[in-house]
Structures are given as structure tokens and as C-alpha cells.
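As C-alpha cells, the structure follows; a few thoughts come after it.
Start at 1 and go down the list; that is how both ligands and their atoms are numbered. One-based numbering along the sequence shown.
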Amino acid sequence: MTGPLDVARIREDFPILTTPFKGKRLVYLDSAVSGQMPRPVVERMGRYAQLEHTNVHRGVSTLSQEATDRFEEAREKVRRLVNAPSARQIVWTRGTTEALNLVAQSFGRPRVHAGDEILLSAMEHHANIVPWQLLAQERGARIRVIPMDDDGELILDAIPGLITDRTRILGLTHVSNALGTVNPVKEITALAHARGVPVVVDGAQAVPHLKVDLQDLDCDFYAFSGHKMSGPTGIGALFGKAEHLEAMPPWQGGGNMILSVTWEKTTYMPFPGKFEAGTPAIAATIGLGASVDYLEGIGFDRIAAHEHGLLVYATEALEAIPGLRILGKAREKAAVISFVMEGIHPHDIGSILDHEGIVVRAGHHCAQPVMERFGVPATTRASLAYFNTEEDVDALVAAVLKVKEIFG
Ligand SMILES: *Cc1c(COP(=O)(O)O)cnc(C)c1O
């Protein structure tokens, strides 16, 4: 499809946006916390639950075979979305957090030893920090950090000096959930690969907003969550390069992931099966496939163009408010606006906005080291999606002016 988005039409797919909330029009500016699900996704899951449900990968019943087909079709849709070479390289997880823990435990643990180093960017979500800290503590390794500048851009010149012959992995977010920065993943991956260091990317905030091409980025692992990309909670994915997935041991054991079990010896399914122990989130997985269809139906060019237009519009309007400061001024930026107001706590801002029917996040955004870097305890964050409008931004700006009146 070409041309601008028909946002009015799209909004009809989201009953939460068109149903009055506390008597007001709901202004949802919190898609970085969790996106809303369009009707086709909800309906697809409902149809599965009511008419198609049984377990997958279990036996010869037609019902089970069809459920398995739908489940595996979703894997192919996700493969296509991120341009992975093969659907087998898409491992289902509960979300980004579980995917990154899988990498830390199954890929990281065997190769990280005492004195080794794990290199992470200064703008990681806790999901790409804490699993590495747990591993570093266990192994006696240490975490090193790629710094960022005052605009919220990583200092690329610092990277070569931070990679040593002890560096075992580099972890990087594609898009910062706290600042909106879009990191040059391809360039950083090339820098790391030149020194033989594998790269794990947190794609939770990238997949919903830009066209991700994993073969072009060339990273070793890439993690993302269904609920940030117009899909349900409880499902996400880990992409891995085939040679890694082949070599990695299982990290959870149980049914579904084995070829044969005896008291003497158990053999495992080839990947992705060996990483998917137990009954998966089947309805959610099929729902995620429907969300891929939905996003592709709109088109990522149009999503990105619409969101960028709103980002520019909102940035100009908010910056005109005296005493308001936006954190994160990267040249490449997704539609996330984190701001602080002189003398007013973000929680007070969030409460007043909530009263006006405007949903934003006030807090540290699971990125406390980013808050520390900028010397603030928290920010107020508005995050935009393809269903947002200039009217939503106008409502935000009006409410922020009201906050200033009350506290100013
Ligand atoms: C939301 C988010 C996560 C965590 O995703 P879960 O779905 O909670 O596992 C990780 N990284 C970033 C950048 C996020 O925005």
C-alpha cells in the first residue's frame, strides 16, 4: 500500500481507543510499555480457542495436526517479518526477557569464564543487563559499558578500545525504550565481528516500528516481544544464527524438546525444538502471526513515516513549554519522547495526565542506568504508535500545560 495512513479507519480496529474511558476519549501514549491489539488479532485468537484448540506436536489427530500447522505458520510469518534465513532459527519464548535469558544461559554460560568480559551499551533495558550480571557473578566475569553522549547516542569511537581478547559477547538494544535512540546495529556488529565477538540485540522496540532485516544486520541473536508489536502477551521470539543454535545446549528440559528419553541417555530435538520445552502459548503464537499480517498490511514505510511525523510535531510542541526538557536527541530516533519538568516529579505529571485520560509512563522505564546517566530519578515518557494522531499530541500538550499551571 502507498500513501498516508487512514488512521481513522485503523482506530476502528481498537475498541479501547473508541470507547470512553472515565468519560473521556482515551489517549494511549504508552505503546512502549505494551501495544494495543487490533481486532483481527483478538478474533484470530478467539477463533483458535473456541474452534481449533488442542496441543501441538502431539500425535495424529487432525485437530492436533491443524493446530501444529497454524502454530508453525506463525513461525514462518515471523521469519519473513525479520528476514531470517530459515523459520527454524525463530525460537519461541515468553518474550524478550526470556529470549535474552536463554542466550545468557545457553550460549553465554559455556563460553564466559573467570576474568572474561561482557560488553553492554549504556542504554540497555534491565532485560539485557540483569541476565548478564547473573552470569558474570556466577563465572567471575565483568561487565563493561559502551558510553553514550548527552544526546543519547552511543559513542562508537569508544567501542574498539572496549573490545579486548577477553570480550565474549556484546549486548546492544536496537532502539532504546527510554530515549528513543535507534542504534547503528549493523555498524556495531561489524566492529564486534572484526574482533571475533558475537552480538546479541534487544529488538523489543525496533520490530514494531521499523523494517528489520536480520540478514543485513548480521547480528548473532535478536530478541523481541509479541505484546510490543500489536500482538498478545506471553509470546516472543529469539532469532539465532544456525551455527550457534546448533551448538547450544538446551536450557529447560521436559516434554516437546526431546527425541528419546531413557534412564541412561536422553537425546534432544534439533533447534528450535530443543529450546521449547513444554506446552507453548499456542493461541498467543497464532495471534502473533495475525499481528504480523496486520502490521505488514499497513506497511512499515507508512508506519515509520506516520510515527516520525508525530514525533516531530510532538517534539516541537513540548519543547516550546518553558522548563520542559526532553532527554534523548539522537539523530536517528523512534517515536519515544522522555521528558522532565523543572521542579515537578514525573509521578505527579503522570497522575494529572491519567486524570485527563492520557496514558503515559512515569518512572525509570526499566532502564535505571539511563536515568543515572542523565542525573534524573525518572522521566515521563510518551510513546507513539501508528494509531496515534495529532489530536492525541495536542491533548498531551494541553495536559502538560495544566500540570505547569498547578505546580508552577
Ligand atoms: C519491553 C522491553 C523489554 C522487555 O520485554 P518483555 O516483553 O517484558 O520481556 C526489553 N527490552 C526493551 C527495549 C523493551 O522495551
Can a cation-pi geometry be assigned to Arg88 and Phe271, taking NZ or CZ under 6.0 Å from the six-membered ring centre and within 45° of the ring axis?
yes
Just let me know how His227 lines up against ligand 1, side chain, backbone, both or neither, with a heavy-atom cut-off below 4.0 Å.
side chain
Report yes or no: does Asn183 contribute a side-chain atom to a donor-acceptor pair with the main-chain N or O of Thr173 at less than 3.5 Å?
yes
Relative to ligand 1, is Glu98 under 4.0 angstrom through side chain, backbone, both or neither, heavy atoms considered?
neither
Given Glu356, which partner from the list Arg25, Lys402, Lys22 fulfils the side chain to side chain donor-acceptor pair (under 3.5 Å) test?
Lys402
Nearest-option assignment for atom 7 (O) of ligand 1, heavy atoms, candidates Ser225, Gly236, Gly234:
Ser225
Please write down residue, atom name and distance for the protein heavy atom closest to atom 2 (C) of ligand 1.
Lys228 NZ, 2.5 Å
Report the residues that fulfil side-chain contact (heavy atoms from CB on, under 4.5 Å) with Val359, sequence neighbours left out, ordered by chain and then residue number.
Leu26, Tyr28, Asp30
Shortest heavy-atom approach to atom 12 (C) of ligand 1 - which of Asn177, Asp202, Thr97, Val175:
Asp202
Quick one: list whatever passes side-chain contact (heavy atoms from CB on, under 4.5 Å) with His209, sequence neighbours left out.
Gln205, Glu307
To which protein heavy atom is atom 15 (O) of ligand 1 closest, and what is the distance rounded to 0.1 Å?
Gln205 NE2, 2.6 Å
